[in-house]
There are 2 protein chains.
Amino acid sequence: MTSTLGFAILSVLARGDRTGYDLAAAMRRPVGYFWTAGHSQIHAELQKLLGAGLVGFEAEHGPGPRDRKVYHLTAEGTRALREWVTEPPRERPERDELVLKTYASWLAEPELVRRMFADQLAAHETRLAEYERHEASFGGPPAPGDPRFGNYATLRCGMGYERHRAEWCRWMLAQLGEG
Amino acid sequence: MTSTLGFAILSVLARGDRTGYDLAAAMRRPVGYFWTAGHSQIHAELQKLLGAGLVGFEAEHGPGPRDRKVYHLTAEGTRALREWVTEPPRERPERDELVLKTYASWLAEPELVRRMFADQLAAHETRLAEYERHEASFGGPPAPGDPRFGNYATLRCGMGYERHRAEWCRWMLAQLGEG
DNA sequence: GGGATCATGTAATTGGTTACATGATTGT
DNA sequence: ACAATCATGTAACCAATTACATGATCCC
């Protein structure tokens, strides 16, 4: 019963062998945009994946008191990952604090609500500009089958999300009236 | 240190007094679209809110072995909620299984990926149609200050989200080619 | 009689965050 | 000398899910 975090790790490892430290770095950016984990969680999960025979490692003597371990996918790990990819994702409950605040916004001062949404809008516009710059660095969409397709397709999703959020913020501001 | 779940409960209670059971029902739909909790979590959180003096209850002898407790906001609870609403939401890490699968989709069979996205697209279109029917039942946007504004604004957010997701699914299908 | 709904709670487990702990190498 | 980076791990805690437990009333 490999967890989603386990498959997140396998997904990164499928692009190249890495240490736990490298995995933690990768799961801040770009994987962190859709799945994050701290290093403590990653080391623990790697033990489980090792026990399940989905990954292996080669140890070199590294900096610090313990060995440096470079992890790689096993044949079984690759097979498990490939199988998991096309299984329908199990939906997890949404938890969105801004939307919850919006639900209760009728009892707050409109001016303060307006300010909150103005800040949110600015943040979304900044992130969208960042993503757009990143998108431009791809020379158009890579072919499915190319590992870079994964990066590009998730980036496109992020761009759509930021646009949708920004639009909703603008709609909210219009509802609240000019400040 | 009231948790977000605590404020979710206060947000529902602000619209009318309720039992823990009623709160659990409310947090499936419509609040469940942006914050869910099971009844066990809710009963536990109500104890904390009670301890913090943000809610109170009146007990009647109800069905089952224990008293039925109708909870209500205290003055302090209303104040805490009103304050929380306009504080900037602390951002929590994104965790999206479909996007993670997309990241690893380059090593799967394109036809299976295509099928997964076709299913997702259908689900989003169904939900969007549902939301649109619900939106039509409002006679246009209520004024901010009206509790119904909270329902309407969150519904609008949900509609935008479903549209964005559906569009991304269609883009993915186009990338993967006709099946 | 039987199942759904109403109504409360506890316990066990999993998933995730934060803090603690250690220590070499590289760059300023 | 000092800070940052590389590198591993454990422990404590909080949030959330699932399972366990009880029992009355209402509708078929």
Side-chain angles (χ1 to χ4, degrees), chain A residues 1-9 12 17-29 31-32 34-52 55 57-71 89-97 100, chain B residues 1-9 12 17-29 31-32 34-52 55 57-71 89-97 100:
Chain A
M1 282 299 123
T2 303
S3 68
T4 307
L5 171 62
F7 287 111
I9 290 172
V12 177
D17 300 352
R18 275 176 180 79
T19 64
Y21 184 89
D22 291 333
L23 281 162
M27 290 184 72
R28 272 191 286 275
R29 268 156 301 128
V31 180
F34 45 90
W35 209 275
T36 349
H39 78 275
S40 65
Q41 216 187 341
I42 287 169
H43 285 298
E45 188 67 32
L46 281 168
Q47 297 300 314
K48 287 185 205 167
L49 293 172
L50 207 60
V55 300
F57 67 85
E58 261 145 299
E60 317 164 359
H61 102 276
R66 290 182 199 82
D67 273 359
R68 173 186 138 97
K69 298 174 186 172
V70 182
Y71 288 88
R90 56 187 188 118
E91 38 191 317
R92 26 178 74 227
E94 287 286 328
R95 281 201 181 84
D96 192 318
E97 207 172 297
L100 179 59
Chain B
M1 283 298 121
T2 304
S3 68
T4 307
L5 170 62
F7 288 111
I9 290 173
V12 177
D17 301 353
R18 276 176 180 77
T19 64
Y21 184 89
D22 291 332
L23 281 162
M27 290 185 72
R28 271 191 288 276
R29 270 154 302 129
V31 180
F34 44 91
W35 209 276
T36 348
H39 78 275
S40 66
Q41 215 187 340
I42 287 169
H43 285 299
E45 189 66 32
L46 281 169
Q47 297 300 315
K48 288 184 204 167
L49 293 173
L50 207 60
V55 301
F57 67 86
E58 261 145 298
E60 318 164 358
H61 101 278
R66 292 185 197 80
D67 274 359
R68 172 187 139 98
K69 298 174 186 173
V70 182
Y71 288 89
R90 56 188 188 118
E91 37 191 319
R92 26 179 73 225
E94 287 284 329
R95 283 203 180 83
D96 191 319
E97 208 173 297
L100 179 58

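Letters go in sequence order (proteins before strands), and every chain restarts at 1. Both backbone and side-chain heavy atoms feed into the values below; hydrogens, waters and symmetry mates do not.
Taking atom CD of A:Glu97 as the reference point, atom P of D:dA15 lies 12 Å away to the nearest angstrom. Between the OH atom of B:Tyr71 and the P atom of C:dA7 there is a distance of 13 Å, rounded to whole Å. One atom, NZ of B:Lys48, and another, C1' of D:dC13, lie 11 Å apart when rounded to the nearest Å. Between the C1' atom of D:dA16 and the CD1 atom of B:Ile42 lies a distance of 12 Å, rounded to the nearest Å. As rounded to whole Å, 14 Å separates atom C1' of D:dA7 from atom CD of A:Gln47. For B:Leu49 and D:dA15, the CG to P distance is 12 Å, given to the nearest whole Å. Here the C1' atom of nucleotide C:dG16 and the CZ atom of B:Arg90 are 12 Å apart, to the nearest Å. With rounding to whole Å, A:Met1 atom CE is found 16 Å from C:dG15 atom C1'.
Remark: side-chain polar atoms of B:Arg18 are not paired, donor with acceptor, to backbone N or O of B:Tyr71 under 3.5 angstrom.
An OP1 or OP2 oxygen of C:dG16 is reached within less than 4.0 angstrom by a side-chain nitrogen or oxygen of B:Arg95. Side-chain nitrogen and oxygen atoms of B:Gln41 include at least one within less than 4.0 Å of the OP1 or OP2 phosphate oxygen of D:dT17.
Rounded to the nearest 0.5 Å, atoms NE2 (A:His39) and OG1 (A:Thr19) are 12.0 Å apart. Note that CG of B:Asp96 and CZ of A:Phe34 are 9.0 Å apart. Values are rounded to the nearest 0.5 Å. A distance of 4.5 Å separates CG of A:Leu46 from CD1 of A:Ile9, quoted to the nearest 0.5 Å.
Where A:Leu5 and B:Asp67 each meet DNA chain C at their nearest nucleotide, the meeting point lying more 5' is that of B:Asp67.
Heavy-atom minimum distance, A:Thr36 versus B:Pro93: OG1-CB, 3.2 Å. When all heavy atoms are compared, the tightest approach of B:Asp67 to B:Ala59 is OD2-CB, 3.7 Å. Heavy atoms only, all atoms of each residue included: B:Arg68 and B:Val70 are closest at NH2-CG2, 3.8 Å. The minimum heavy-atom distance between B:Leu50 and B:Phe57, with the atom names listed, is CD2-CE2, 3.5 Å. Considering all non-hydrogen atoms of both residues, A:Glu97 and B:Pro89 come closest at OE2-CA, 3.7 Å. Contact record, B:Arg92 with A:Arg95: CD-O, 4.0 Å, taken as the closest heavy-atom pair.
Defining each end axis of the helix from C:dG1-D:dC28 to C:dT28-D:dA1 as the rotation carrying four pairs' C1' atoms onto the next four, with five pairs an end, the two axes are found to diverge by 30° to 10 degrees.
Near DNA chain C, defined here as any heavy-atom distance below 4.0 Å, there are no residues from residues 17-26 of chain A.
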Every protein N/O within reach of nucleotides 22-28 of chain D N/O, cut-off under 3.5 Å:
from: D:dA24; atom 1: O4'; to: B:Gly64; atom 2: N; distance (Å): 3.2

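Contact of A:Ser40 with C:dT18 (side chain to base): a donor-acceptor pair of N or O atoms is detected under 3.5 Å. For a distance-only test at 3.5 Å, the side chain of A:His39 qualifies as a donor-acceptor partner of the base of D:dT8.
A 4.5 Å side-chain heavy-atom check between A:Leu5 and A:Met27 finds at least one atom pair inside the cut-off. By the 4.5 Å heavy-atom criterion applied to side chains, B:His43 and B:Gln47 are not counted as neighbours.
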